[in-house]
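Counting begins at 1 with the first residue of the sequence.
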Amino acid sequence: MIITIIAFIIVFGILVFVHEFGHFIVAKKSGIMVREFSIGMGPKLFYYRHNSTTYTVRLLPLGGYVRMAGSADNESQELEPGTPVSLQFDDNQVVNSINTSKKQTLYQGLPLEVTNCDLEKNLFIEGFENGNEESKKRYTVSHDAVIIEHDGTAVQIAPNDVQFQNAPVWKKLITNFAGIFNNILLAVIAFSILSFLQGGAPSNTNTVNVTPNNSVARDAGIKNGDKILSIDGQKTNTWKDLTVAIQSKPNQKVNLKIANNDAEKNISLKTQSAKSGSTKYGVIGVTQTLNHSFIAKALSGFNQTWNFTKLLVTKLISMFSGHFSLNDLGGPVAIFANTSQAAKLGIDGIVYFIAFLSINLAIINFIPIPALDGGKILLNIIEAIRRKPASEKVETIVTLVGFAFIVILMILVTLNDIQRYFLH
């Protein structure tokens with residue numbers, strides 16, 4: 001169990017970190033301020049500020065997040081009237097630090113009870129000094145001023161010129177797409193690494209090797225290098241054809257046509273049954289042959305990513321065309337359960353699982369559902385066509401509806417996963 005938990009944290013953390021790092025690096029290159037880049041979630045352990053970004057490490061080691069200026073954290077800049085703060089100034093008496101936290105004090109900070117402020121456009125703060133309501137003062141705030149939030153984290157304020165929503169639409173689009181791109185890139189790299197770990201790239205042919213243990217194919221007389229030409233009369237020209245035919249027949253008798261050195265023979269055997277959640281599928285104990293050339297191993301990441309992408313997109317299309325089932329989806333519970341299986345296979349299993357999940361995350365995020373990257377990209381495309389963004393009210397409503405849909409779906413998927421993996 002401990003190994004599974006550690007593997008789950010590593011897998012989930014890598015996926016989310018890589019995704020968020022894509023948004024982070026492209027936003028920074030596009031001139032959009034990233035106010036915070038967090039590793040982990042929950043309470044802050046420590047932070048470090050560099051080049052307008054606060055890097056934080058938080059208690060729960062599950063992924064992380066990016067706070068882009070003007071994207072979803074505008075509330076952190078609002079200082080309600082009556083809020084007690086302390087100010088620190090530069091040599092020109094311009095405010096360079098605003099402390100709203102009781103956990104941290106500013107050296108020689110000026111106490112102020114806020115009556116009004118604007119940290120986006122006009123850059124000022126005003127209020128009563130030292131609690132004296134007869135002494136209202138107004139101070140200019142530096143463009144690069146820091147605000148210390150209630151939990152003691154110092155982040156830079158976000159004036160309009162560095163906010164996400166004020167960036168050109170093409171910069172917003174590539175920033176939103178960057179997370180998806182990074183997950184695709186991670187899958188390519190992981191599959192290529194896996195090919196080198198295994199000593200070769202999987203070959204999409206009908207030539208097979210038999211597994212050394214628990215193989216009904218070996219017991220039936222199939223040998224390494226044999227070609228499976230057909231299953232129950234259905235031609236199997238590729239590994240994909242072969243796996244689809246076998247997996248659709250758990251615990252069933254099947255007839256195989258085998259070729260070896262141009263000699264053909266017919267073999268009958270009964271498949272075994274394996275289980276993924278509550279779904280059964282057939283296996284006979286054969287694996288793909290490997291191409292051991294360096295080029296094949298280097299390119300296998302692209303080939304396998306493309307093949308899995310086609311497979312998953314086809315599955316998604318079938319789901320939305322009337323064959324939808326919660327069993328086709330999986331949330332954190334399913335990831336945890338499958339991480340346990342992957343961990344038993346060692347480093348190869350973990351690397352494969354990371355690649356597989358990374359493709360899933362990229363495709364799911366590309367679906368044009370509000371609150372997902374795909375929904376944001378769709379809004380960017382609409383903005384480019386209309387040559388003006390949707391109103392803030394419309395965008396907020398659309399995002400909230402999308403978020404509510406995702407939360408409800410996640411609850412249903414999680415309950416279904418618990419039943420599939422732990423209560424069946």
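Checked by atom type and distance alone, the side chain of T238 never pairs as donor or acceptor with a backbone atom of N204 at under 3.5 Å. Side-chain N or O atoms of T271 include one that pairs as donor or acceptor with a backbone N or O of K249 at under 3.5 Å. Looking at S142, its side chain never comes within 3.5 Å of a backbone N or O of V95 through a donor-acceptor pair. T100 contributes a side-chain N or O that, together with a main-chain N or O of I148, makes up a donor-acceptor pair within less than 3.5 Å.
The distance from atom CG of N303 to atom CH2 of W306, rounded to the nearest 0.5 Å, is 11.0 Å. Distance CG/D144 to CD1/I157: 7.5 Å, rounded to 0.5 Å. Between the CG atom of N360 and the OG1 atom of T309 there is a distance of 9.5 Å, given to the nearest 0.5 Å. How far NZ of K270 is from CD of Q252: 9.5 Å, rounded to the nearest 0.5 Å.
The closest side-chain heavy-atom distance from F405 to V401 is not below 4.5 Å. A 4.5 Å side-chain heavy-atom check between V283 and Y281 finds at least one atom pair inside the cut-off. Proximity of R58 to T153: side-chain heavy atoms (C-beta onward) are separated by under 4.5 Å at one or more points. Using a 4.5 Å heavy-atom threshold, the side chains of L119 and I98 count as touching. Proximity of V286 to D226: side-chain heavy atoms (C-beta onward) are nowhere separated by under 4.5 Å.
N380 and N176 form a side-chain donor-acceptor contact under 3.5 Å, judged by distance and modelled atom types alone.
When R49, K44, R67, Q156 are each tested for a side-chain hydrogen bond (donor to acceptor under 3.5 Å, both in side chains) with E36, only one passes: R67.
Taking the centre of each ring, F196 and F294 come in below the 6.0 Å mark. Between F17 and F24, the distance from one ring center to the other does not fall under 6.0 angstrom.
Sorted by first then second residue, the side-chain hydrogen bond (donor to acceptor under 3.5 Å, both in side chains) pairs that include residues 183-199, not counting sequence neighbours, are H19-N183, N183-S358, S195-S300.
F124 meets the side chain to side chain contact (heavy atoms under 4.5 Å, CB included) test with N116, D118, N122, E126, R138; sequence neighbours excluded.
Between Y352 and F356, the ring planes lie parallel to each other; the angle is under 30°, not in the 30° to 60° tilted range.
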